[in-house]
Amino acid sequence: MARRYLVTSALPYANGPLHLGHLAGAYLPADVYVRFLRMRGEDVVFVCGTDEHGVAITIAAEREGKTPRELVDVYHSVIRKDFEDFGVSFDNFSRTTLPHHYDFAQKVFLALLDKGHISEKSIQQLYCGRCQRFLPDRYIDGTCPKCGSTSARGDQCEDCGSWLDALELVDARCSICGSAPEPRGTRHWFLKLDSFQDWISGFLETREGWRENVLNYCRGWLAEGLRERAITRDLDWGVPVPLEGAEGKVLYVWFENLLGYVSSTVEHFEKLGKPEAWKDYWKDPETRLVHFIGKDNIVFHAINFPIMLHALEDFALTWNVPANEFLNFGGQKQSTSRRTAIWMRDCILNLPADPFRYALTIGAPENRDTDFTWSEFRARNNELADVLGNFVNRTMKFAHRSFRGLVPAAGEPGAEESGLMETIRDIAASVGGKIAGFQIKAACSEAMEAARLCNRYFDRVSPWETVRSDPARCAVSLNTCLQAVDWLRQLFGPFLPFTAERIGRMLGRQRLDWSEIGSPMLQDGAGLGKPEILFEKLEEGFEAQLRTVEAEATSGGGPAAGKAPSQAATEDSGNTVAFEEFRKMDIRVALIEEVHRVEGADKLYRMVIDLGRLGRRQIVAGLRPYYRPEDLEGMKAAVITNLEPATIRGVRSEGMILASDGDTGVYLLEAGPEARPGDLVR
RNA sequence: GGCGGCGUAGCUCAGUUGGUUAGAGCAGCGGAAUCAUAAUCCGCGGGUCGGGGGUUCGAAUCCCUCCGCCGCUACCA
């Protein structure tokens, strides 16, 4: 019977774009896990959304001259698009600024208040008159009362490491505007975490299969003892505290955003027209609630949230928190401010998603921080091409050449065949067990091991020899290889969804069912699609050619995406164009595959072009007066691929084909016969 | 300062409750094969498991200590 799973990935904070560390830590492993569960027929809901409140958003917005709303709108869509492009298959991707999230968060606040888990207190905090806001501790600079260092912040002194109370700081300054804040009294509501100390300790004891590092972090916290924690803030950007006389106060983001997992689920089922169905998941004690996060969020997900759920009394409790460590890049921590992050957007702009998914999964920081480099990426990409891609390719080509593109008869399997089948079944069981146990990277390596075995099988049975000496054997071998391609498709389904889909097109079979791996499902005589190269190999030094969406996004100490690229840095006033400007244009060799007339337009063609590893796309061009469709098909022309898409006569065009245009006519700029689709034009 | 973690073959990483000759992938060397994206397959790794000390019949795996790197320390999310 299917089990219910609620799987969440950390809500990304909507003040900047996401980098590969985020992807590797909280989103990719979750997606692999979820896709696997779906293949096993489990009942899974996978939710996420952007976390859009908090003082950091308001400050980032001010710095960019935007309203908080405008800022989060930009990053919500940027982040949503990143996830789409990388194949992170959320059932729902919400945002914490939606009305039903407000409703739900406020209801939870009132429920906890009603149950006596929230207290109200008056405290003193520093208030900046010029900024007109209470200052979070980290936004206060000053002199350390203990060591006299002038680089202390409201929470801690950088130099002597003492833990400070902001009110003790000598000569305190607002780090935003530099003026001197003053203490001011205010009222706040506190969640009584301390009264759950024993409960949470006991709860964590009963958890099975948690990672050591996660439990370790928790032990550290619990040893210090839990304290009451303020869950409200004086701010105008957030979920209002739903009480009389609480104007100007909002729920603290770390109280409210965790509830976004629930409200995202609510939204999901509302979209499906089943507004009450979220309760089947969140209120069923048997539900397996799994949070994928980075290690910086452990305390909130392994301590605070379970306490909140427990305090609400009728919610499912946390089942596991597979937190990952950090993915460094070239030995350095990925950091927005230090410009050492590799943005997801920049990656997907240049290369397909699956090689990243593979490289990041194999190198995932499951037990400790790991290091990612372009050279490592290249090695992993090429491994994919050489081992998996090559097996699929050699099998498909052989089937086309020697069996007219049909699945040859299965015949009588011999020892080699049943051996392979059995081994693949064992591997599937093992890979599945590892994914279920959150050992995603080990699972991924093992899947690749299966591809190696398939290559070995191919070599052992040598169909290129038996095709002459023993055609019946050859048929058996090729049938087995094709079945193996199908097994690999499913085995890699959770890891490489785009590739699995492409293999599926070649086999004419898209079904994903874990239990079928190792059983022959392709019918004798079934027709096969055209073989496609699955992965383009990368040359050494390829990274020098990578383009970035905009270098500006990481500069100036603060994220500034959403700025139109055209505004960025055209310093030349004359007619020359800076090299950097030119480099932003992505011109590539495109193989024209199909040419169709556009209805109602006498000059336009709609063309499907192949850009190699960038895939296929459609462009529209006014070439009809100059070329016949049959002349264009098969040509290799230069195309600008990153021009903003346009709709021409109702047809979408994703790129612009380059041609000379003079008195003698219009001529496409053709690449030579050796050029391959996707090659860069420079 | 307190707490915690990491340091394993050239590179990136695995190493379960301490137990036979410390593993994988990549890179490198040799060979086979030639269906395949010069891909594949076979063979080849003596790395003081950061240094030192200790416990033990036996430790990469436990304890102490030193060196190097890093994280967390609750009101930025």
Side-chain angles (χ1 to χ4, degrees), chain A residues 10-16 51-60 123 125 134-139 146 154-157 160-163 166 188 190 193 212-213 216-217 219-221 223-224 226-233 252-255 257 295-300 303-304 325-326 328 331 333 359 362-373 375-376 378-380 382-383 385-387 389-399 401-402 439 441-442 445-446 448-449 452 454-460 462-465 467 474 477-478 481 531 533-537 676:
Chain A
L11 304 187
Y13 197 53
N15 72 338
D51 178 11
E52 306 188 350
H53 294 308
V55 67
I57 295 271
T58 65
I59 291 172
I123 56 165
Q125 274 196 313
F134 283 94
L135 295 173
D137 288 351
R138 292 195 188 184
Y139 287 99
K146 303 201 168 125
D155 53 344
Q156 185 178 27
C157 171
C160 71
S162 328
W163 185 21
H188 280 299
F190 291 74
L193 290 173
E212 258 322 294
N213 52 354
N216 243 326
Y217 278 99
R219 288 189 193 113
W221 283 99
E224 277 186 43
L226 298 180
R227 287 181 261 157
E228 280 194 332
R229 185 150 191 209
I231 54 168
T232 57
R233 291 290 184 277
Y252 176 44
V253 282
W254 268 117
F255 175 80
N257 66 9
K295 64 177 164 184
D296 50 334
N297 284 347
I298 289 175
V299 61
F300 298 103
I303 295 181
N304 293 26
E325 308 268 325
F326 291 140
N328 295 326
K333 186 176 168 173
I362 289 285
E366 278 178 10
N367 300 311
R368 55 171 160 182
D369 293 358
T370 58
D371 198 33
F372 183 81
T373 59
S375 143
E376 174 72 10
R378 181 177 144 257
R380 292 305 181 180
N382 291 357
E383 180 182 353
D386 294 346
V387 180
N390 182 235
F391 176 70
V392 172
N393 188 243
R394 69 201 297 206
T395 297
M396 291 300 298
K397 283 207 168 155
F398 204 102
R401 180 169 330 103
S402 302
Q439 296 173 264
K441 70 193 286 187
S445 305
E446 206 170 335
M448 187 53 80
E449 187 54 33
R452 288 178 207 285
C454 292
N455 274 314
R456 187 172 307 157
Y457 170 81
F458 198 110
D459 282 0
R460 282 231 191 103
S462 312
W464 61 91
E465 284 174 7
V467 71
C474 183
S477 303
L478 250 292
C481 285
I533 295 296
L534 292 174
F535 308 100
E536 295 289 343
K537 297 194 68 168
R676 292 200 298 186

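What's counted below: heavy atoms across the whole structure, side chains too, no hydrogens, waters or symmetry copies. Nothing here was measured: the structure is a model prediction, and the numbers come from that model. Note on naming: letters A, B, ... go to the chains in the order of the sequence lines (proteins, then strands), and numbering restarts at 1 for each one.
When the P atom is used for both B:C57 and B:C3, the distance is 32 Å, rounded to whole Å. Using atom P as the reference point in both B:C64 and B:G5, the two lie 11 Å apart (nearest Å).
Between B:C41, B:U37, B:C75, one nucleotide has an atom nearer to the side chain of A:Arg229 than all others, and that is B:C75. Side-chain atoms of A:Trp221 lie closest to B:U73 of the nucleotides B:A77, B:U37, B:U73. Relative to the side chain of A:Asn393, the nucleotides B:C75, B:A36, B:C35 differ in distance, and B:A36 lies closest. Picking from B:A77, B:A36, B:G25 the nucleotide with the shortest atom distance to the side chain of A:Tyr13 gives B:A77. Out of B:C72, B:G25, B:U40, the shortest distance to the side chain of A:Asn455 is found at B:U40. Counting only heavy atoms from C-beta on, A:Ala56 has its side chain closest to B:C76 among B:C76, B:C35, B:A39. If you check B:C76, B:C75, B:C35 against the side chain of A:Val55, the one that comes closest is B:C76. Comparing B:C35, B:U34, B:U37 by their closest approach to the side chain of A:Phe458 singles out B:C35.
We find that CG of A:Asp386 is positioned 18 Å from P of B:C35, with the value rounded to whole Å. Put simply, CG on A:Asp296 is 19 Å from P on B:G5, counting in whole angstrom units. Atom pair A:Phe398:CZ and B:C35:P shows a separation of 8 Å (rounding to whole Å applied). The interatomic distance linking A:Asn382 (CG) with B:A39 (C1') rounds to 11 Å, in whole Å. Rounded to a whole Å, the CE atom of A:Met448 is 10 Å from the C1' atom of B:G25. With rounding to whole Å, A:Glu383 atom CD is found 15 Å from B:U37 atom C1'. Separating the CZ atom of A:Phe391 from the C1' atom of B:U37 is a distance of 15 Å, rounded to the nearest angstrom. Rounded to whole angstrom, the span from the CG atom of A:Asp459 across to the C1' atom of B:A32 amounts to 10 Å.
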>> Can you give me the dot-bracket string for RNA chain B, 5' to 3', counting Watson-Crick and G-U wobble pairs with both distances under 3.5 Å, using [ ] for crossing pairs and | for partners on another strand?
In response: (((((((..((((.....[...)))).(((((.......))))).....(((((..]....))))))))))))....
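Judged by distance alone, the side chain of A:Asn455 and the main-chain N or O of A:Val387 form a donor-acceptor pair under 3.5 Å. For A:His188 (side chain) and A:Thr232 (main-chain N/O), a donor-acceptor pair under 3.5 Å exists by modelled atom type. The backbone N or O of A:Ile57 lies less than 3.5 Å from a partner atom in the side chain of A:Tyr13, making a donor-acceptor pair.
The side chain of A:Tyr252 places an N or O atom within less than 4.0 Å of a non-bridging phosphate oxygen (OP1 or OP2) of B:A77. Between A:Asn367 and the phosphate of B:G15, there is a side-chain N or O to OP1/OP2 separation shorter than 4.0 Å. The side chain of A:Arg460 contributes no N or O atom lying less than 4.0 Å from OP1 or OP2 of B:A32.
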Show me the protein contacts with nucleotides 10-13 of chain B, counting only N or O atoms at under 3.5 Å.
from	atom 1	to	atom 2	distance (Å)
B:C13	OP1	A:Asp371	N	2.2
B:C13	O3'	A:Lys441	NZ	3.3

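No engagement by A:Asn297 is indicated, since no non-hydrogen atom pair under 4.0 Å with the nucleic acid exists. In this structure, A:Glu325 reaches neither bases nor backbone, as no heavy-atom distance under 4.0 Å exists between it and the strands shown. Residue contacts shown for A:Ile298 are absent, as no nucleic acid heavy atom lies under 4.0 Å away. Residue contacts shown for A:Leu226 include a base, since a base heavy atom lies under 4.0 Å away. No engagement by A:Val299 is indicated, since no non-hydrogen atom pair under 4.0 Å with the nucleic acid exists. A:Arg219 comes within 4.0 angstrom of no nucleic acid atom, judged by non-hydrogen atoms across all strands.
Ion pairing of A:Lys295 with A:Glu325 is present here, as a side-chain N (NZ or NE/NH1/NH2) and a carboxylate O approach within less than 4.0 Å.
Of the two residues near RNA chain B, A:Glu536 and A:Trp464, the one whose nearest nucleotide lies more 5' is A:Trp464. Take the nearest nucleotide of RNA chain B for A:Thr395 and for A:Arg456: the residue whose nucleotide is more 5' is A:Thr395.
Within the 4.5 Å cutoff, side-chain heavy atoms of A:Arg229 are placed close to those of A:Asn304. The shortest side-chain heavy-atom distance between A:Ser402 and A:Trp464 does not fall under the 4.5 Å cut-off.
A donor-acceptor contact under 3.5 angstrom links the side-chain atoms of A:Arg233 to the base of B:C75.
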